[in-house]
Amino acid sequence: RVVDAAGNVLVPGIVDCHIHNREPGLEYKEDWRSATRAAAAGGVTTVVGMPNTDPVIDRPEHLELKFDRGEASAHVDFQSYAVVTSENLDLIPDLDEAGALGFKIFLGSTVGDVPPPNDGEVLEAMERIRETGKRLGFHEENGEIVDHYTERFKTEGRNRPIDHAHSRPVIAEREAVERTITFAAETGTKIHMFHVSSGAAAEAVARGKARGVDVTAETTPHYLWFTEDVLREKGNVARVQPPIRDADERERLWAIGIDDGAIDCIATDHAPHTPEEKGVDDPFADTWESISGFVGLETEVPAMLTFVDRGRLTIEEWVRRHSTRPAQVWGMYPRKGSLQIGTDADLTIVDPDAEWTLEDRRDLHSKHCVTPFEGESFTGKTVATIVRGEVVYENGDVVGDSGYGTRVDVDE
Ligand code: NCD
Ligand code: ZN
Ligand code: ZN
């Protein structure tokens, strides 16, 4: 941590290991260029893309295509997960060799056409991934519970934004976390829980760690910031999976996840969709017609700095979870996530005292910028972003070149 005369703070470059960059195939929502412009503007020097693209990243050719597109147009450094479905268990060693940062399983249906594997296939995937030495992350919701309540609510004509949240109950998340931890205890695989949204799930992670399972976990600024009241105030704009929970779950997520340390990483789950897909013209219309997810790359640093300002965590605890730990968890440390000065330095400069409001989402750099953080006020903002010694963002302008960003090679 370095402070200059103007009161700005220099921290190791922020590492966001959960973004949906949407390329290849879903460029109408976002692409590597627009996502990494948003990253640069947000103070994020490394991003990891999720595999629910089109095609899904389920074979080496698709991973190579995604890497090639990133090399051609990214503004900051990047990586990608490979997905495991019931159809590609045999390809795990090839995906490892093709340079995937890690693996991802969607336990239930989510955005995109990714068929969830059954429990036997999850166990077998774990055995195979253990041999690669890499980590397996989960979209940790029990799909059978979610599908059941979704169908039931639809039949009952419940279609408000809050009903979407309640159709994906906390128990669906907690059960998925407990089940995968049990499997990992059996197989010895390193696992990770993406986008932990509740105190109950954080508690399950804490118990897994106490059992000696190598389980790491992530949460996002929106689960720490909002309660489900935001669905009553902003409607489907705030629709996301897992859903934003009630105040009690949020407080327990803070207590168990952040204060007691069950949560290793902060990431955004940056998930852009068009305003039409989100249904912003009428955010309280039929929730089942809307889609889950919203952008986050440019509000994650301000949101976390606001928590620092409010005394919810120290700046060191923030930096550890938003740079050092994610780099360690996914095998990129110390090339990423450490405070080095020199030509290889990834650095983020923030003004922790700047007070501002996100008045208009169109000031953001993604292709489509729908976010429940529109209208929210922050204390703290990104001043400059430096990737491998080059300034890529400074005082409101993305100044780096498209294509400067490069894949983080974890197999060197
Ligand atoms: C994500 C998306 O849009 O791809 N949406 C979301 O609500 N989180 C999918 C996901 O992260 O599961
Ligand atoms: Zn997910
Ligand atoms: Zn996601």
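Numbering of ligands and ligand atoms starts at 1, following listing order.
Distances from atom 11 (O) of ligand 1 to the heavy atoms of Glu140, His20, Met50, Gln241 show the closest one on His20.
Here His195 fails the criterion, with no N, O or S atom under 2.8 Å of the Zn ion (ligand 3). With a cut-off of 2.8 Å, the Zn ion (ligand 3) has no N, O or S atom of His139 in range.
Taking a cut-off of under 4.0 Å to the non-hydrogen atoms of Thr110, the atoms of ligand 1 that pass are 9 (C), 10 (C), 12 (O). For ligand 1 and His139, the ligand atoms under 4.0 Å from any heavy atom of the residue are 10 (C), 12 (O). Under a 4.0 Å criterion applied to the non-hydrogen atoms of Val240, ligand 1 contributes the atoms 7 (O), 8 (N). Residue contact check: His273 has heavy atoms under 4.0 Å from atoms 3 (O) of ligand 1. Shown in contact with His18 at under 4.0 Å from a heavy atom are these atoms of ligand 1, numbered in order with element: 11 (O).
For atom 8 (N) of ligand 1, the closest heavy atom belonging to the protein is Asp269 OD2, 2.8 Å. What sits closest to atom 5 (N) of ligand 1 on the protein, heavy atoms only, is Ser292 O, 3.3 Å.
For His139 and Phe194, the ring centers are positioned 6.0 Å apart or more.
A side-chain donor from one of Trp225 and Glu376 sits under 3.5 Å from a side-chain acceptor of the other. With hydrogens and angles left out, the side-chain atoms of His222 and Asp269 include no donor and acceptor closer than 3.5 Å.
A salt bridge links Asp31 to Lys367: at least one charged side-chain nitrogen sits closer than 4.0 Å to a carboxylate oxygen.
Atom CD of Glu249 and atom CD1 of Ile256 lie 8.5 Å apart (nearest 0.5 Å). Atom CG of Leu313 is separated from atom CD1 of Ile258 by 6.5 Å, given to the nearest 0.5 angstrom.
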Evaluate the criterion side-chain hydrogen bond (donor to acceptor under 3.5 Å, both in side chains) for residue pair Glu140 and His195; output intermediate values, then yes/no. CA-CA 8 Å; Glu140 74 302 4; His195 51 37; 3.2 Å; yes
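Residue His195 touches ligand 1 through its side chain alone, judged by heavy-atom distances below 4.0 Å. Under 4.0 angstrom from ligand 1, the non-hydrogen atoms of Asn52 all belong to its side chain.
Taking the six-membered ring for Trp and thresholds of 30 and 60 degrees, Phe78 and Phe67 have ring planes inclined between 30 and 60 degrees apart.
Ligand 1 lies within reach of Arg22, whose nearest heavy atom is under 4.0 Å from it.
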